[in-house]
Number of protein chains: 2
Amino acid sequence: MANPECKLCGLKSPAAELLTSNELEKLELNCAQVNFKKGDVIFREGTLATNIAYLKTGLVKVHMKGPTGDKILRLMKAPSYLGLPTTFGDKVNNYSATALIDSHICFISLDTFIEFIFKNGSFAYEIILDLCKNELADYQKYTNMSQKQLPGRLAEILLCMSHEVFKSNRFELPLNNNELSDFISTSRESVSRILSDFSKEGIIIMNKKEITILKEDILEKISIKG
Amino acid sequence: MANPECKLCGLKSPAAELLTSNELEKLELNCAQVNFKKGDVIFREGTLATNIAYLKTGLVKVHMKGPTGDKILRLMKAPSYLGLPTTFGDKVNNYSATALIDSHICFISLDTFIEFIFKNGSFAYEIILDLCKNELADYQKYTNMSQKQLPGRLAEILLCMSHEVFKSNRFELPLNNNELSDFISTSRESVSRILSDFSKEGIIIMNKKEITILKEDILEKISIKG
DNA sequence: GGGCAAATGTGACATTTATCACATTTCAGA
DNA sequence: TCTGAAATGTGATAAATGTCACATTTGCCC
C-alpha cells in the first residue's frame, strides 16, 4: 500500500482528468494503491464489491466461473478501470480479476466515486463513454469468437497480443495453455496442438513462453476466415 | 410518429423518472415515438448513430454481422434503452436492432440526453447502473453460451423466453430456426434437429411457432449441464 | 384457392473438437 | 543440484456438429 498522489499522477483516467483540483484532493484521501504480483487475485467472484479498481500499470485477466470451468472474459491492459460493471451492477462481484504480470492497482472508495458522478457531469459522461466503448469491444470479440473455429480464435488472440498489448511481433505470452483454453473455450490439448501447428507451418516461433510472429499475414487470414 | 407526452408516460425508464419537471418538458420537445412492425429494422449497423432509442413496448433483437453471418447478441424486452453503447461508443452503429414483434420506440435527441447526463447527476448515475447491469448479464450469458453444447444453449433460450420474456410455459416463439442459429452460433439444421429431439422426448410441444414447455425440470437439467 | 418463395425436416457423410492416456518438459523450492 | 508438481506434447478414439442434398411444409400474395 502506498500513499498516492493523484494530482501528480501521470496515469489518470480520461474521467479523472476532468476532476477539479478539490475533487482530486478528495480522491487522494479516498484512494489506496496496492501492488500485485503475477498470479495475485485482485478481486474475487462472490466477494463484496466495495471499491473501484483502477489498473494503473500492468495486465489483468477478468474471468468468471462457468458451467464447465473458468472462462476468461477479457484482458485489461493499463490504464483502465477494472470492474466498473461488477462494482455498480451488483453488490457481489460477478467475476474475478487476476494479475497476469506485476500490476499496480488504485482502489477508490465507491462513495467518493459515486459522489463524482453525481456532482461532476463531465466525469460521469466520461465514465459512460468508457463503459460503452468496452461493451462495444466485448460485442465485437464475442461475435468473432463465437463464429470462428479454434485456429481462428487462437490467431485472433495472438494478433491482439502483438498489436494491442505488447505492440511487438515478439512477446512473452502471459497466459499458459490452460488459460488460453479458458479464453477461447476449448481444451488445453487443442490449444497445444494448434500452437504446434502454427510452429510447424512456420507462422510463429515458440521458445518457452516467448512467441515471435513470423507470418503475420497468414495469421490474419486464419483469424479472419475462422 | 406520434406526439409524445413524456410527463404522463407510464413507461419511463428508471433514469427518466429522476428528471425534473423542466427536464421532462425538454424531453418531450426532443423526442419522437415511432412504431415498428415485426421485422422492421430500428437502426442498422454501419449507419450514423444520431439518437437514443428507447424501447417503450415490444421485443427487439440486437444483432451484428460476424465472419460467417449474423450473430444475435441479445434480445431486449421493453421497457429498455436499446443501443446506448453503440450510440455513445462510436459515431457509427456497431450493430443493428430489429423488431421481433410490433414495437414502440422513442427516439431521443442525443444532445438532449447528454445534457441530462451533464446536469442531472441522478440521471447519469441511473444510466451507469443500467449499462453495468446489462454488461453483467451479457458476461453471464456469454460465459454460459460459450461453455455449453448446442442442446444446453437452446434449452437456455427456451427457458429465458418462458421465464423472462413471456412469463408463461406456452408462447409464440419470436425467432425462426435461422435466427435461433444466429443466436447460439450454429446451423439452422442443428437447431431443427435439437428442437425435434426435445419434441420427441416430450420435453416440449411445438405447434407451428407455438411452444409449450412440458418438462421444465428436464430442460433446466439440459441447460445447466450443457 | 392456387402458386410460389421461404422455412423446415431429415438422411448421409465429412470435419472439427473433446476425451483419455501417457510420455516428456519445465520450473520452483528444498 | 535435486526433486516433485505442474505444465506441455501427442496419439488414438469417440462425440458433436457442420455441410450438402433434397423432400416437405408453411405462409403469403394475387
Side-chain angles (χ1 to χ4, degrees), chain A residues 37-40 61 66-72 98 100-102 145-155 157-158 172-201 204-211 222-223 225-226, chain B residues 37-40 61 66-72 98 100-101 145-156 172-201 204-211 222-223 225-226:
Chain A
K37 289 193 184 156
K38 177 176 177 171
D40 288 347
K61 68 170 173 175
T68 63
D70 227 36
K71 165 76 187 173
I72 295 185
T98 303
L100 292 175
I101 60 178
D102 293 359
M145 287 287 178
S146 67
Q147 290 190 351
K148 286 180 188 174
Q149 296 184 338
L150 295 183
R153 292 188 227 160
L154 204 44
I157 287 187
L158 292 179
E172 196 81 359
L173 194 61
L175 300 167
N176 64 25
N177 285 356
N178 242 311
E179 289 174 310
L180 285 172
S181 74
D182 289 342
F183 206 173
I184 65 177
S185 302
T186 181
S187 63
R188 66 149 196 92
E189 291 96 327
S190 293
V191 169
S192 175
R193 269 186 255 269
I194 294 165
L195 286 178
S196 287
D197 288 349
F198 286 173
S199 289
K200 279 174 199 155
E201 291 162 30
I204 61 172
I205 294 176
M206 288 185 63
N207 200 332
K208 307 283 164 65
K209 291 259 159 211
E210 189 195 70
I211 290 202
I222 294 172
S223 167
K225 85 165 161 35
Chain B
K37 290 192 183 153
K38 178 179 175 169
D40 288 348
K61 68 169 172 175
T68 64
D70 227 37
K71 165 77 189 174
I72 296 185
T98 303
L100 291 176
I101 61 178
M145 287 286 177
S146 67
Q147 289 191 350
K148 286 180 187 173
Q149 295 185 339
L150 296 183
R153 292 188 227 162
L154 206 42
E156 182 172 326
E172 195 82 1
L173 193 61
L175 300 167
N176 63 27
N177 285 357
N178 242 312
E179 290 173 309
L180 284 172
S181 74
D182 289 342
F183 206 172
I184 65 176
S185 302
T186 180
S187 63
R188 66 150 196 90
E189 291 95 327
S190 293
V191 169
S192 175
R193 269 186 256 268
I194 294 165
L195 286 178
S196 288
D197 289 348
F198 286 173
S199 290
K200 278 174 201 154
E201 291 163 31
I204 62 172
I205 293 177
M206 288 185 64
N207 199 332
K208 307 283 165 60
K209 291 259 157 211
E210 189 196 70
I211 291 203
I222 294 172
S223 166
K225 84 167 163 34

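In the text below, chain A, chain B and the rest are named by the order of the sequence lines, each starting its count at 1. Below, each value reflects all heavy atoms present in this structure, side chains not excepted, and no hydrogens, waters or symmetry copies.
For the atom pair NZ (A:K148) and CD1 (A:I222), the distance works out to 11.0 Å, reported to the nearest 0.5 Å. Here CG of B:L175 is found 10.5 Å from CD1 of B:I184. Values are rounded to the nearest 0.5 Å. From B:D182, atom CG reaches atom CZ of B:R188 across 12.5 Å, with rounding to the nearest 0.5 Å. Between A:I211 atom CD1 and A:E172 atom CD the span is 9.5 Å, to the nearest 0.5 Å. To the nearest 0.5 Å, atoms CG (B:N177) and CD (B:E189) are separated by 9.5 Å. Rounding to the nearest 0.5 Å places CG of B:L100 at 6.5 Å from NZ of B:K61.
In this structure, of D:dA16, C:dT16, C:dT10, it is C:dT10 that holds the atom nearest to the side chain of B:K200. Out of D:dG27, D:dT8, D:dT17, the shortest distance to the side chain of B:L150 is found at D:dT17. Nearest to the side chain of A:N176, among D:dA7, D:dA16, C:dT8, sits D:dA7.
Put simply, CG on B:L154 is 16 Å from P on D:dA16, counting in whole angstrom units. As rounded to whole Å, 15 Å separates atom C1' of C:dT26 from atom CG of A:L173. A straight line from CE of B:M206 to P of D:dT26 spans 11 Å, rounded to a whole angstrom. Residue A:K38 contributes atom NZ, which lies 11 Å from atom P of D:dA7 at whole-angstrom precision. One interatomic measurement links the two molecules: CG of A:L180 to C1' of D:dA7, which rounds to 12 Å at whole-angstrom precision. Between the CD atom of A:Q147 and the P atom of D:dT17 there is a distance of 16 Å, rounded to whole Å. Taking atom CD of residue A:E179 and atom P of nucleotide D:dT8, one finds them 9 Å apart after rounding to whole Å. A:D182 places its CG atom 15 Å from the C1' atom of D:dT8, with the value rounded to the nearest Å.
In this structure, A:I157 and A:M145 have side chains that are in contact, with non-hydrogen atoms separated by less than 4.5 Å.
For B:S181, the side chain to side chain donor-acceptor pair (under 3.5 Å) criterion is met by no residue, not counting sequence neighbours.
Near-neighbour residues of DNA chain D inside residues 189-197 of chain A, defined by a heavy atom below 4.0 Å, number-ordered: A:E189, A:S192, A:R193, A:S196.
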Determine, stepwise, if the pair B:K209 / B:N176 fulfils side chain to side chain contact (heavy atoms under 4.5 Å, CB included).
CA-CA 8 Å; B:K209 291 259 157 211; B:N176 63 27; 3.3 Å; yes
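Distances shorter than 4.0 Å separate some side-chain N or O of B:N177 from OP1 or OP2 on C:dG9. Between B:S187 and D:dT19 there is no side-chain N or O to OP1 or OP2 distance below 4.0 Å.
The number of heavy atoms from other shown groups lying within 6.0 Å of NZ (A:K38) does not exceed 12.
Sequence order on DNA chain C of the closest nucleotides to A:K208 and A:R153 puts A:R153 first from the 5' end. Of the two residues near DNA chain D, B:R188 and A:K209, the one whose nearest nucleotide lies more 5' is A:K209.
Comparing the end axes of the helix from C:dG1-D:dC30 to C:dA30-D:dT1, each fitted to five base pairs by superposing C1' atoms of four pairs onto the next four, gives an inter-axis angle of 50° (nearest 10 degrees).
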